[in-house]
Student: 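The structure is given below, and queries will be raised subsequently.
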Amino acid sequence: MLKTAMFRGGQLCSRVFAVEFDLRTEPLYFTLSSNPQVLHHAHQQLFGDEGKLFSLHVHCDNRTEKARTHAEIKHKLSVTLSRDCDVFEASSFIPDVKNSVVKGFFIRDKSTTTLSEDMLKTLQQSKSVCVFSYKREGQYCWQELWSPVNQVEESVRQYITPAAAAEHHPSTLNIRNSDVFYCMKEAYEVLQECTDIIPESKEVLKLVDEQLETSRGDGFPVIVIEGLDATGKTTLTEALRESLNATLLKSPPQCLAPFRQRFDSEPPLIRRAFYALGNYITAAHIGKESLRAPVIVDRYWHSTAAYAIATAVGGRVENLPKPGSELYQWPEDLLKPNLVLLLTVSPEERLRRLRGRGQDKTVEEAELEINQLFRLKVEEAYKRIQNPACIIVDASPSPQEVLQQVQHLIRNKMSLVTRQDKKPCNPSTHH
Ligand SMILES: Nc1ncnc2c1ncn2[C@@H]1O[C@H](COP(=O)(O)OP(=O)(O)OP(=O)(O)O)[C@@H](O)[C@H]1O
Ligand SMILES: Nc1ccn([C@@H]2O[C@H](COP(=O)(O)O)[C@@H](O)[C@H]2O)c(=O)n1
């Protein structure tokens with residue numbers, strides 16, 4: 001079978017290619033046609049006169065292998081290619097068709113070296129990588145299957161044809177069960193598929209199996225505190241534990257701490273499945289603990305989904321799945337909290353707090369600092385999650401004032417008595 005079979009057989013023409021040329025603007029979209037098409041001004045910038053142009057796409061049936069191959073190539077491209085080489089995220093997709101995205105990269109090599117060709121030659125030997133090259137001819141540009149020795153399997157010339165943006169940004173098409181999981185089984189299966197390559201997966205699955213007995217009856221209230229890093233979650237959750245005589249839990253739970261670094265270094269599919277399973281373990285703890293006292297949870301599903309969506313979606317906030325999208329719906333089988341509070345502070349105040357804390361920043365935190373777009377997308381995704389939606393809390397005042405504000409909210413929303421009232425009461429008896 002031809003390596004490019006997935007692009008052929010009538011599918012190639014219906015596919016749209018998207019190149020994330022400039023993250024602040026829309027991707028450049030194009031389709032392919034057998035007739036020459038004059039390029040638009042924007043497309044001329046990408047397919048302009050300078051440099052050698054290639055794209056490569058990763059396609060294989062095994063999703064964990066595909067995700068890891070994509071991540072490995074991304075790493076190789078970033079460490080190997082010269083400075084005169086631009087690498088853009090690129091994808092091919094069928095407009096508005098879920099799970100149709102094939103991820104890859106677009107390379108514009110203005111260097112005089114053969115580094116990119118050497119690397120592509122090696123990559124092309126893998127059956128899951130497909131490389132195209134692009135050639136210019138006056139105002140036209142065409143794509144063909146690339147071969148280092150000009151022995152292409154099928155040298156069909158397809159002209160670049162500018163295309164309009166689809167209704168749904170391509171990066172939203174594959175989110176379900178690749179970045180965000182909506183039932184435990186889906187996340188569980190991802191880790192099951194990785195047990196050979198990531199032995200820690202077995203230990204994580206064992207922990208999940210051991211925890212899953214609990215269901216939640218008419219217990220005490222469960223209050224989740226969410227927010228970007230350094231918005232004051234730890235400070236507030238500790239204070240709430242004290243004042244409400246509550247149990248404090250976190251997601252991911254402590255029992256997953258030894259595995260976190262390992263899964264953080266994996267591509268999104270595997271990393272997000274790990275955090276999804278963490279929520280189910282925390283849910284089991286909530287089920288037990290909420291029979292005894294109110295439960296405060298530091299991060300839960302809102303964090304898992306908001307960070308995953310914001311990372312998966314390229315470019316601007318407008319590219320996020322639209323409000324009301326099914327992608328913001330709470331998983332059908334995950335214990336729901338009674339109240340979710342989202343702490344927000346201005347970007348300046350957040351940076352002040354991050355610096356004041358003087359800790360090492362994780363890669364994602366560092367990214368947040370430099371990447372205003374990403375921060376905006378995480379916050380917006382938090383706000384779009386439904387059932388339960390979060391209540392926004394201005395966390396810029398002093399810790400004491402934020403605590404009072406939140407206690408007030410909890411009292412109003414939950415009829416929950418605080419420690420000053422001596423003992424916590426079960427809100428279910430007040431309903
Ligand atoms: N209301 C507040 N006013 C001023 N400083 C605050 C306030 N709340 C927390 N801080 C300070 O901001 C820093 C970050 O707070 P905290 O660790 O509670 O945030 P966080 O949301 O838990 O962060 P992370 O998610 O990264 O763990 C700490 O140095 C803390 O003392
Ligand atoms: N329920 C959760 C909690 C966290 N994450 C991911 O972890 C990162 C933030 O965690 P901190 O310990 O630094 O607060 C963030 O990148 C999330 O991707 C998650 O997915 N689900």
Side-chain angles (χ1 to χ4, degrees), residues 175 179-181 187 190 224-242 248-257 259-283 285-286 296-313 330-331 334-335 337 340-369 371 374-375 377-379 381-382 385 390 393-407:
I175 285 179
D179 298 286
V180 185
F181 297 88
V190 172
V224 173
I225 307 297
E226 293 283 10
L228 291 164
D229 306 271
T231 46
K233 295 183 298 301
T234 309
T235 309
L236 176 67
T237 51
E238 294 285 355
L240 282 172
R241 172 174 52 182
E242 268 293 297
L248 175 56
L249 298 173
K250 286 176 197 289
S251 179
Q254 193 51 37
C255 63
L256 290 188
F259 309 107
R260 200 165 167 190
Q261 210 180 351
R262 177 73 183 83
F263 283 91
D264 273 347
S265 66
E266 289 297 327
L269 172 73
I270 301 169
R271 177 168 189 241
R272 301 301 175 191
F274 167 79
Y275 281 103
L277 292 176
N279 287 330
Y280 287 93
I281 298 179
T282 297
H285 295 167
I286 295 173
I296 306 297
V297 193
D298 184 343
R299 291 199 188 275
Y300 194 39
W301 193 77
H302 274 72
S303 276
T304 313
Y307 277 83
I309 292 172
T311 311
V313 172
W330 191 266
L334 182 66
L335 183 146
V340 183
L341 303 177
L342 175 68
L343 305 188
T344 58
V345 294
S346 67
E348 297 75 26
E349 173 60 14
R350 224 189 108 254
L351 274 187
R352 251 196 306 279
R353 291 184 189 182
L354 273 171
R355 293 198 179 113
R357 196 164 56 173
Q359 281 174 358
D360 275 354
K361 295 182 184 74
T362 61
V363 174
E364 202 151 11
E365 278 176 328
E367 193 176 349
L368 276 182
E369 239 179 273
N371 195 340
F374 180 61
R375 191 190 65 78
K377 281 188 287 186
V378 178
E379 254 188 21
Y382 266 130
I385 291 171
C390 52
V393 173
D394 175 11
S396 358
S398 72
Q400 191 52 35
E401 284 169 297
V402 176
L403 175 65
Q404 277 166 6
Q405 202 191 139
V406 166
Q407 282 174 328

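FYI, the numbering just counts along the sequence from 1. Atoms within each ligand, like the ligands themselves, are counted from 1 in listed order.
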Student: Pick from Ile175, Val190, Val180, Thr311: which one makes a side-chain contact (heavy atoms from CB on, under 4.5 Å) with Arg272?
Tutor: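 Among the candidates, only Thr311 passes.
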
Student: With atoms numbered from 1 as shown, which atoms in ligand 2 lie under 4.0 angstrom from a non-hydrogen atom of Asn279?
Tutor: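 Taking each heavy atom of Asn279 in turn, ligand 2 has 1 (N) under 4.0 Å.
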
Student: Okay, side chain of Ser251, backbone of Asp298: is any donor-acceptor separation there less than 3.5 Å?
Tutor: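 Such a contact is absent between Ser251 side chain and Asp298 backbone.
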
Student: Any N or O on Gly232 sitting closer than 3.5 Å to an N or O of ligand 1?
Tutor: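 N/O-N/O distance under 3.5 Å: yes.
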
Student: For ligand 1, which atoms have a heavy atom of Ser398 less than 4.0 angstrom away?
Tutor: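 In order of numbering, the contacting atoms are 1 (N).
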
Student: If you measure from the Lys or Arg side-chain nitrogens to the Asp or Glu carboxylate oxygens, is any gap between Glu348 and Arg352 under 4.0 Å?
Tutor: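 No salt bridge links Glu348 with Arg352.
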
Student: Looking only at N/O atoms, are Thr235 and ligand 1 under 3.5 Å apart anywhere?
Tutor: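 Yes, at least one N or O pair falls under 3.5 Å.
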
Student: Any atoms of ligand 1 less than 4.0 Å from a non-hydrogen atom of Arg299? List them with their elements.
Tutor: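 Reading through ligand 1 atom by atom, the close ones are 25 (O).
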
Student: Starting at CZ of Arg241, measure out to CD1 of Ile296 and round the result to the nearest 0.5 Å.
Tutor: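 So the gap between those two atoms works out to 10.0 Å.
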
Student: Mind checking whether Phe374 and Tyr307 have parallel, tilted or perpendicular rings, split at 30° and 60°?
Tutor: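 Taking Tyr307 first and then Phe374, their aromatic rings stand perpendicular (interplane angle over 60°).
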
Student: Would Lys233 count as a polar contact of ligand 1, with the cut-off being nitrogen or oxygen pairs under 3.5 Å?
Tutor: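 It does: an N or O of Lys233 is found under 3.5 Å from an N or O of ligand 1.
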
Student: Between Gln405 and Asp394 (side chain of the first, backbone of the second, donor and acceptor by atom type, cut-off under 3.5 Å), is there such a pair?
Tutor: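 Yes; at least one donor-acceptor contact below 3.5 Å.
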
Student: For the backbone of Leu334 and the side chain of Trp330, can you confirm whether one donor and one acceptor N or O come within less than 3.5 Å of each other?
Tutor: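 The answer is yes, because a donor-acceptor pair under 3.5 Å joins these two groups.
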
Student: If you round to the nearest 0.5 Å, how far is CD1 of Ile281 from CD of Gln254?
Tutor: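 One finds 12.0 Å between CD of Gln254 and CD1 of Ile281.
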
Student: Counting both backbone and side chain atoms, is some N or O of Pro399 under 3.5 Å from an N or O of ligand 1?
Tutor: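 Pro399 vs ligand 1: N/O contact under 3.5 Å present.
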
Student: Tell me if a side-chain donor or acceptor on Arg299 pairs with a main-chain N or O of Val224 at a distance below 3.5 Å.
Tutor: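 Not confirmed, Arg299 side chain does not pair with Val224 backbone.
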
Student: Would you say ligand 2 has an N or O under 3.5 Å from any N or O of Ser251?
Tutor: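 Looking only at distances, the answer is yes, because the N/O contact criterion of under 3.5 Å is met.
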
Student: Under 4.0 Å, heavy-atom basis, I'd like to know which part of Tyr300 is in contact with ligand 2: side chain, backbone, both or neither.
Tutor: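 For Tyr300, the contact with ligand 2 is made by the backbone alone.
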
Student: Heavy-atom distances under 4.0 Å are what count here, so tell me which part of Arg260 touches ligand 2: side chain, backbone, both or neither.
Tutor: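 Near ligand 2, Arg260 shows its side chain, while the N, CA, C and O stay back.
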
Student: For ligand 1, which atoms sit closer than 4.0 Å to a heavy atom of Ala230?
Tutor: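 Answer for ligand 1: 14 (C), 19 (O), 20 (P), 21 (O), 23 (O), 24 (P), 25 (O), 26 (O).
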
Student: Can an N or O of Trp301 be found at a distance shorter than 3.5 Å from an N or O of ligand 2?
Tutor: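 No, no N or O pair falls under 3.5 Å.
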
Student: Below 4.0 Å from ligand 1: does a non-hydrogen atom of Glu401 turn up there or not?
Tutor: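 Per 4.0 Å heavy-atom rule, Glu401 does not contact ligand 1.
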
Student: I'd like to check which ligand 2 atoms, numbered from 1 as shown, lie under 4.0 Å from a non-hydrogen atom of Asp229.
Tutor: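 Checking each atom against Asp229, I get 11 (P), 13 (O), 14 (O).
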
Student: Under 3.5 Å between any N/O of Ser303 and any N/O of ligand 2: does that happen in this structure?
Tutor: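 N/O-N/O distance below 3.5 Å does not exist for this pair.
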
Student: Below 4.0 angstrom, N of the basic side chain to O of the carboxylate: do Asp229 and Arg375 qualify?
Tutor: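 No.
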
Student: Going by the atom numbers of ligand 2, which of them fall below 4.0 Å from some non-hydrogen atom of Arg271?
Tutor: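 Answer, ordered by atom number: 16 (O), 18 (O).
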
Student: Side chains of Glu349 and Ser346: is there a donor and an acceptor less than 3.5 Å apart?
Tutor: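 No, because no side-chain N or O of Glu349 sits under 3.5 Å from a partner of the opposite role on Ser346.
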
Student: Which ligand 1 atoms are under 4.0 Å away from a heavy-atom of Thr234?
Tutor: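 That gives atoms 17 (O), 18 (O), 20 (P), 22 (O), 27 (O) of ligand 1.
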
Student: Below 4.0 Å from any atom of ligand 2, is there a heavy atom belonging to Arg272?
Tutor: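 For ligand 2, residue contact (heavy atoms, under 4.0 Å) with Arg272 is present.
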
Student: Give yes if a backbone or side-chain nitrogen or oxygen of Arg299 is under 3.5 Å from a nitrogen or oxygen of ligand 2, and no if not.
Tutor: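 Yes, since at least one N or O of Arg299 sits under 3.5 Å from an N or O of ligand 2.
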
Student: Sub-3.5 Å donor-acceptor pair from the side chain of Lys233 to the main-chain atoms of Leu342, do we have one?
Tutor: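 Here the side-chain-to-backbone pair does not exist.
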
Student: Could an N or O of ligand 1 be found under 3.5 Å from any N or O of Arg353, whether backbone or side chain?
Tutor: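 Yes - when backbone and side-chain N and O of Arg353 are compared with those of ligand 1, one distance drops under 3.5 Å.
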
